[in-house]
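Structure, as structure tokens:
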Number of protein chains: 2
Amino acid sequence: MVSIATWNINSVRLRLPIVERLLQEEAPDVLCLQEIKCQEHQFPAQALADLGYVHQAIHGQKGYHGVATVSRIPLKEFSRHDWQDNGEARHVGVELLGPGQGMVIENVYVPAGGDEPDRTINAKFGQKLDFLERMTRWADAVDRPTLIVGDFNIAPLESDVWNHKQLLKVVSHTPIEVDTLQRFKDAHGWTDIGREHIRDPDRYYSWWSYRAKDWKANDRGRRLDHMWASPDLAKQAGRHWLREDARDWDKPSDHIPLFTEFNL
Amino acid sequence: MVSIATWNINSVRLRLPIVERLLQEEAPDVLCLQEIKCQEHQFPAQALADLGYVHQAIHGQKGYHGVATVSRIPLKEFSRHDWQDNGEARHVGVELLGPGQGMVIENVYVPAGGDEPDRTINAKFGQKLDFLERMTRWADAVDRPTLIVGDFNIAPLESDVWNHKQLLKVVSHTPIEVDTLQRFKDAHGWTDIGREHIRDPDRYYSWWSYRAKDWKANDRGRRLDHMWASPDLAKQAGRHWLREDARDWDKPSDHIPLFTEFNL
DNA sequence: GTCCTCACAG
DNA sequence: CTGTGAGGAC
């Protein structure tokens, strides 16, 4: 049994206390973090090693973005893709070496895409779509048991957002993003593990904006974080769960952590 | 008996907890704060009123400088001088109305003066000297029992600094500053209350730089904060003390608070 | 070292 | 609303 977690932490240095808390309470074998917002030498490597997460693959940069995969199971850094080719740190891939031998875990932070869902007036939106297209071409060639997790910054289903109609023109839930993500999905036949367990049309959110004074008030959430398995691996997926209560922890991230167990 | 305190707080919003602590532990009748670093509407008026300091005279500005006098004794705002005539908030004067009736308390934050002690290459140094000269002209006309307190940004005596020789060329202890401050003193015959109680050449510091990793290590302090009384009022000065331990409180200011009691 | 503001990003 | 960074001040 191997358990994997993913969490957009929105600054790992500032939120080390809640990362430690999560690791102590849930003890996943592997934790994939996005938006670590630090350079590799600034990553709290020792603190996480002290909790047993001695195997670490960190792809950081100054101030923004950045991903890290930390593990109690030996792993080997496998790849770092720069699908935008602009030097941003948005991906790290690892291969498990001990239990779960041979499984590949791709940790990705898809660009948010700015405010305006129109690439002619908002370059960031175009970059987001391009990022997904390049990821799609890459997925075509995936030939090993692979789990891709992270903040995709897209909520594909109606039940992935608190108000489908109202969000159709809001970046993260526009038809073009949903279609582009669907093409990525089809390119490899990924299984959306979250939605295997909490099935459409049940409510499933992983993110609530900081901007609302009370995130719970109208439950205006979106499912931006995902765990998708390649067809072979998907068959071995077991339990899947969330820690929604983490949105209420001290100095919370705006995202919550997701977990999946694999029978490996 | 009326007790007065002065403290350069270096952001009153960030350090509200230690301001509250001081008021609870020492309960001065009046507290004069410098470097509140906020506008008047941002001042934590309610929190201090809740502790009984309902009478407040605030002269603030955005981001920098700013002074405030809060009191358990009724007071009337008396004056706001802009001795530099540049709009900076560096002074507020009040008159006590209840106990201590008629006493005037001038709360002042003298410009730091930059790094280079030469007005030809450092305009800030010239502004500091000019500020003091204008304050001197003003002092000439003081005709009521007055206490002037605050961060003068000058350590006049050899025993006011940890190393006289080494600081002779460091802004805050240069001869020209000391001379200029002396002329201010002479203009009204102010009594340096602090030095009436902790007499030269005894060590007396009120400020230790943040830049030293351990402020206590070599005790590299300076006496930048002062409480000076007009001749009539000086006769009624009683106890005078410091809270040097405040330099060790949680998230401390680099200055410590000073206290004087008056038999009024 | 520790503040502040501002710009930028989410 | 909540981060990071840069620049300025002390």
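Values below: all heavy atoms of this structure, side chains included; hydrogens, waters and symmetry mates excluded. Per chain, numbering begins at 1; letters A, B, ... match sequence-line order.
Contact check, B:R15 against C:dT2: no side-chain N or O comes under 4.0 Å of OP1 or OP2. Look at A:K124 and you'll find a side-chain N or O under 4.0 angstrom from OP1 or OP2 of C:dA9. Between B:K251 and C:dC3 there is a side-chain N or O to OP1 or OP2 distance below 4.0 Å. Using a 4.0 Å cut-off, no side-chain N or O of A:S11 falls inside it from OP1 or OP2 of D:dT2.
The distance from atom OH of A:Y210 to atom C1' of C:dG10 is 9 Å, rounded to the nearest whole Å. The interatomic distance linking A:E35 (CD) with D:dT2 (C1') rounds to 11 Å, in whole Å. The CG atom of B:N8 sits 14 Å away from the C1' atom of C:dC4 (whole-angstrom rounding). The CZ-C1' distance, from A:R220 to C:dG10, rounds to 18 Å in whole Å. Protein atom CG of A:N10 is 10 Å distant from nucleotide atom P of D:dT2, rounded to whole Å. In this structure, A:K37 places its NZ atom 7 Å from C1' of C:dA9, rounding to the nearest Å. Across the protein-nucleic acid pair, B:N153 atom CG and D:dA9 atom P stand 15 Å apart, rounded to whole Å. What separates CZ of A:R13 from C1' of D:dG5 is a distance of 10 Å, to the nearest Å.
Looking only at atom types and distance, the side chain of A:E35 has no donor-acceptor partner in the side chain of A:H65 under 3.5 Å away. Defined by atom type and a distance below 3.5 Å, a donor-acceptor pair is present between the side-chain atoms of A:H81 and A:W138.
In this structure, the side chains of A:R90 and A:F131 come closer than 4.5 Å at one or more pairs of heavy atoms. Between A:N10 and A:D254, the closest side-chain pair of non-hydrogen atoms falls below 4.5 Å.
Between the side chain of B:R211 and the base of D:dC10, a donor-acceptor pair under 3.5 Å is found.
Residue contacts shown for A:K213 are absent, as no nucleic acid heavy atom lies under 4.0 Å away. Among the heavy atoms of the strands, none lies under 4.0 Å from A:H255.
Under the side chain to side chain donor-acceptor pair (under 3.5 Å) rule, B:D160 has a single partner from B:H226, B:R222, B:R223, which is B:R223.
Comparing D:dG5, D:dG7, C:dG10 by their closest approach to the side chain of A:Y109 singles out C:dG10.
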